[in-house]
Participant: 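Take a look at the following structure, please.
Values below: all heavy atoms of this structure, side chains included; hydrogens, waters and symmetry mates excluded. In this text the structure is predicted, and so the values were computed from the model without any measurement. By convention in this document, chain letters (A, B, ...) are assigned in the order of the sequence lines, proteins followed by strands, and residues within each chain are numbered from 1.
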Amino acid sequence: MNLFAEIRSLVNDSLQQMQAQGDLPDGLSFDAVTVEPPRDAAHGDMATNAAMVLAKPSRCKPRDIAQRLATLLSADPRLASVEVAGPGFLNLRLASTLWADVLRAILADPSGYGRATVGAGIKVHVEYVSANPTGPLHVGHTRGAVFGDALASMLDFAGYDVTREYYINDGGAQVDVLARSVYLRYLEAHGQEVAFEDGTYPGDYLIAVGQALKEKVGDSYLGKGEQFWLEDVREFSTLAMMELIREDLLALGVKMDVFYSEKSLYGTGLIEAAIEDLKSKGLIYQGVLEPPKGKKPEDWEPREQTLFRSTDHGDDVDRPVQKSDGSWTYFAPDIAYHYDKVQRGFDQLIDVFGADHGGYVKRMKAAVSALSNDKTSLDIKLTQLVKLFKNGAPFKMSKRAGTFVTLRDLVDQVGADATRFVMLTRKNDAPLDFDFDKVMEQTKENPVFYVQYAHARICSVMRKAQLAGVAVEDAVLQAADLAGLTDAAELTLAAKLAEFPRLIEIAARSNEPHRIAFYLYDLASEFHALWNKGNEHPELRFLQEGNLATSQAKIALIRATAVVISNGLGILGVQPAQEMR
RNA sequence: GGUCCCGUAGCUCAGCUGGAUAGAGUACUCGCCUCCGAAGCGAGGGGUCACAGGUUCAAAUCCUGUCGGGACCA
């Protein structure tokens, strides 16, 4: 049940009726008409801007339209009052029975409440993490992983057909470096002294891989040249790293549908096919790029190479796909990968990248636009840096000094739930401060705690109610007489619950899961307020001794609140707490 | 030099793809436990929404430019 959608369509119907009666001209678009909660609660439960939006195209005075619309709307039993206000707003007050309907709808189908249909029939592909398979995931990857995962879950909740995918960059020079590094560890496992020069990965996590390699191949690679072992060690090491990464993701609660290998693009003709597709559209040519503006780099010289005319699709300069020696640039496999996504029939693509990939956005969008003839949309979400703090002081990461914070460090220290929630309390494109101590704090300053505390309190009341002999099953609560819920704080809470489906739609449309985290904080706040109001007004306490019916009505309200918190947290991948410890 | 992101209360940040008197947290002042978890709640002060133009019934929100901060490319 989506109250806002219902009233929105009621407004729409009424507007059409006005057209039929000749009060409004034909051919008007109602797209700009909104029904939303007013900022000021004194203005009622909902407000619509219909009259103001339609005034100009219909050449009527806004207040006249508002007046006629108000007359039509007020005939509907769902609306208790309709008032024209200000320049032509219509302020709507809902019949009090509607709030009870919302609660009953929540209790009738708890796990389904808030699910939307905005994404029905739309196939969306979300690519995230996609870290190089050269080591464990670190803090930066964690943010991308959490964001992408929550985004995918949210889209799923909003009705989209979602595919979650990890692109394994196992085709570039970095996996050769990995192989050489593992080879050093292999020599070490054979008792040799080794030195890790620049351009190798000295991390301890490769010790076990070198050991495992020794167990697999014995001494057969000792004293041999690179041409003899590189390919096999590369394969072996990449697999080991992906195993490590999968475990990291699992610890964070991130699941992928597909792991897609870059290497699998080579030798299958896919890259050639993608470039051929662009060529057939006249977007591939031989040419020489202009030197970069500003300071000329020392080693720049004009070279003829194969270029993609990305400027035809919004890019700033054309991009090379093949170097003068015939080898592919790093961009070519990326094109091929997205070509493959388009071929797989997705309607929408979303790439979640770190902010350091900001430079690729325009060319990737150009590629997808060209490859799909603008039929497939590509949204690229960049996640900004995570700044770590300990005891309020910035905490510098350094691979060299070994103060390198991994995903595991985070999860081990603060838990997957807190890590995930905190990472979602900022917009993806804003930098994030992650304070180890604050995340663990049990105060309202810590949003994870605050939301969990609300849920735990509700569970606590439910436990107490059961001990007192009050039936609290959803089926029983649904049948309760909810007419007694009349206090302002109770109705505010119910109104907040009614907003949830609308919030999901808004958040899903803009690919912004952080909105859910903020909503949950607000919801928790309304709940805590109501709880405390019970201190001064005993009649607002949830358990009313000796009054079974009233208790059940109030418990229906907070049980519905717990359901929404639980659904919201579920999208973010966070377990709701039954009790605080 | 170019591209992208950001600039909102002392501090950290929301702000519904354009709506009414711009909101939370924190900090400061004051009040609330004989009571379902006070790990909480309520009240108060605090703003030129970086700046200047533009678009319109309406701009923190959209467009242009300037300044400041960050990320990246060369």
Side-chain angles (χ1 to χ4, degrees), chain A residues 4 32 34-40 42-43 47-49 51-53 55-56 61-63 85-89 91 289 291-300 315-317 353-363 380 382-385 387 389 425-433 435 438 441-447 449-450 452-454 456-465 467-468 470 489 499 502-503 505-507 509-510 512 514-515 517-519 521-522 524-525 527-538 540-545 551 554-555 558 579-581:
Chain A
F4 287 88
T34 61
V35 173
E36 51 190 18
R39 221 189 321 248
D40 188 344
H43 291 141
T48 178
N49 61 355
M52 283 176 300
V53 179
K56 190 157 200 188
K61 286 182 193 157
R63 290 197 63 109
F89 282 103
N91 289 333
L289 280 179
K293 298 213 168 92
K295 266 197 308 219
K296 222 188 235 182
E298 310 264 319
D299 57 348
W300 193 89
D315 202 357
D316 304 313
V317 289
F353 292 156
D356 53 341
H357 287 67
Y360 304 148
V361 171
K362 283 191 178 178
R363 73 192 69 168
I380 298 184
L382 301 177
T383 54
Q384 273 292 343
L385 293 183
K387 279 185 248 167
F389 287 81
T425 51
R426 282 293 100 94
K427 280 183 295 205
N428 59 287
D429 51 12
L432 170 78
D433 290 349
D435 190 316
K438 217 166 254 179
E441 247 173 45
Q442 306 220 326
T443 68
K444 65 179 300 193
E445 202 185 338
N446 177 2
F449 165 78
Y450 190 69
Q452 293 282 31
Y453 184 34
R457 270 182 154 176
I458 294 171
C459 293
S460 168
V461 175
M462 307 262 300
R463 284 191 293 267
K464 288 233 153 82
L467 286 177
V470 182
E499 273 181 43
R502 180 171 176 274
L503 172 92
E505 286 183 8
I506 291 168
R509 257 201 300 271
S510 51
E512 292 183 337
H514 76 275
R515 289 178 190 274
F518 282 94
Y519 168 82
Y521 188 91
D522 284 348
S525 176
F527 168 75
H528 289 305
L530 176 58
W531 175 293
N532 273 84
K533 232 178 151 184
N535 288 341
E536 271 186 67
H537 307 276
L540 288 178
R541 293 179 199 165
F542 307 127
L543 280 174
Q544 296 290 324
E545 208 165 327
S551 296
K554 293 183 186 303
I555 290 173
I558 61 168
E579 57 182 333
M580 305 308 294
R581 280 176 292 170

Participant: Check the interface with nucleotides 40-43 of chain B: list each N/O to N/O pair with the protein under 3.5 Å, or write none.
Facilitator:
residue, atom, partner, partner atom, Å
B:G40, OP1, A:K444, N, 2.4
B:G40, O2', A:R457, NH1, 3.3
B:G40, O2', A:N532, OD1, 2.8
B:G40, N2, A:N532, ND2, 2.9
B:G40, N3, A:N532, ND2, 3.2
B:C41, OP1, A:Y450, OH, 2.3
B:C41, OP2, A:K444, NZ, 3.0
B:C41, O4', A:N532, OD1, 3.1

Participant: Between the protein and nucleotides 8-13 of chain B, are there any N/O to N/O pairs under 3.5 Å, and if so, what are the atom names and distances?
Facilitator:
residue, atom, partner, partner atom, Å
B:C13, O3', A:R426, NE, 3.2
B:C13, O2', A:R426, NH2, 3.1

Participant: Once ring pair (Phe, Tyr, Trp, His ring centres under 6.0 Å) is applied, do any residues pair with A:F89, and if so which ones, sequence neighbours excluded?
Facilitator: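 Counting only residues at least two positions away or on another chain, A:F89 forms no ring pair (Phe, Tyr, Trp, His ring centres under 6.0 Å).
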Participant: Please list, chain by chain and in numerical order, all residues satisfying side chain to side chain contact (heavy atoms under 4.5 Å, CB included) with A:A454, sequence neighbours excluded.
Facilitator: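 A:A454 satisfies side chain to side chain contact (heavy atoms under 4.5 Å, CB included) with A:A524, A:F527, A:H528, A:I565 once adjacent residues are dropped.
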Participant: What N/O pairs connect the protein and nucleotides 54-61 of chain B at under 3.5 Å? Give each pair on its own line.
Facilitator:
residue, atom, partner, partner atom, Å
B:C57, OP1, A:K56, NZ, 3.1
B:C57, OP2, A:K56, NZ, 3.4

Participant: Which residues pass the side chain to side chain contact (heavy atoms under 4.5 Å, CB included) test with A:L385, sequence neighbours left out?
Facilitator: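 For A:L385 there are no side chain to side chain contact (heavy atoms under 4.5 Å, CB included) partners, ignoring immediate neighbours.
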Participant: In chain order, what residues pass the side chain to side chain contact (heavy atoms under 4.5 Å, CB included) check against A:D316, with sequence neighbours excluded?
Facilitator: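 Side chain to side chain contact (heavy atoms under 4.5 Å, CB included) list for A:D316, sorted by chain: A:K362.
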Participant: Paired stems touching RNA chain B, three or more consecutive Watson-Crick or G-U pairs with both distances under 3.5 Å?
Facilitator: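 Stem segments, range with range: B:1-7 with B:67-73, B:10-13 with B:23-26, B:28-32 with B:40-44, B:50-54 with B:62-66.
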Participant: Apply side chain to side chain contact (heavy atoms under 4.5 Å, CB included) to A:K533 and list each qualifying residue two or more places apart in sequence or on a separate chain.
Facilitator: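 If we apply the side chain to side chain contact (heavy atoms under 4.5 Å, CB included) test to A:K533, skipping adjacent residues, the hits are A:D487, A:A489, A:H537, A:L540.
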Participant: With A:F449, which residues qualify under ring pair (Phe, Tyr, Trp, His ring centres under 6.0 Å), at least two apart?
Facilitator: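 Result, ring pair (Phe, Tyr, Trp, His ring centres under 6.0 Å) vs A:F449: A:Y453.
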Participant: List in chain and number order the residues that pass ring pair (Phe, Tyr, Trp, His ring centres under 6.0 Å) with A:F4, two or more places apart in sequence or in another chain; answer none if no residue qualifies.
Facilitator: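 So A:F4 forms no ring pair (Phe, Tyr, Trp, His ring centres under 6.0 Å) with any residue.
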Participant: What pairs with A:H43 under ring pair (Phe, Tyr, Trp, His ring centres under 6.0 Å), at least two apart in sequence or on another chain?
Facilitator: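 Checked A:H43 against ring pair (Phe, Tyr, Trp, His ring centres under 6.0 Å); zero matches.
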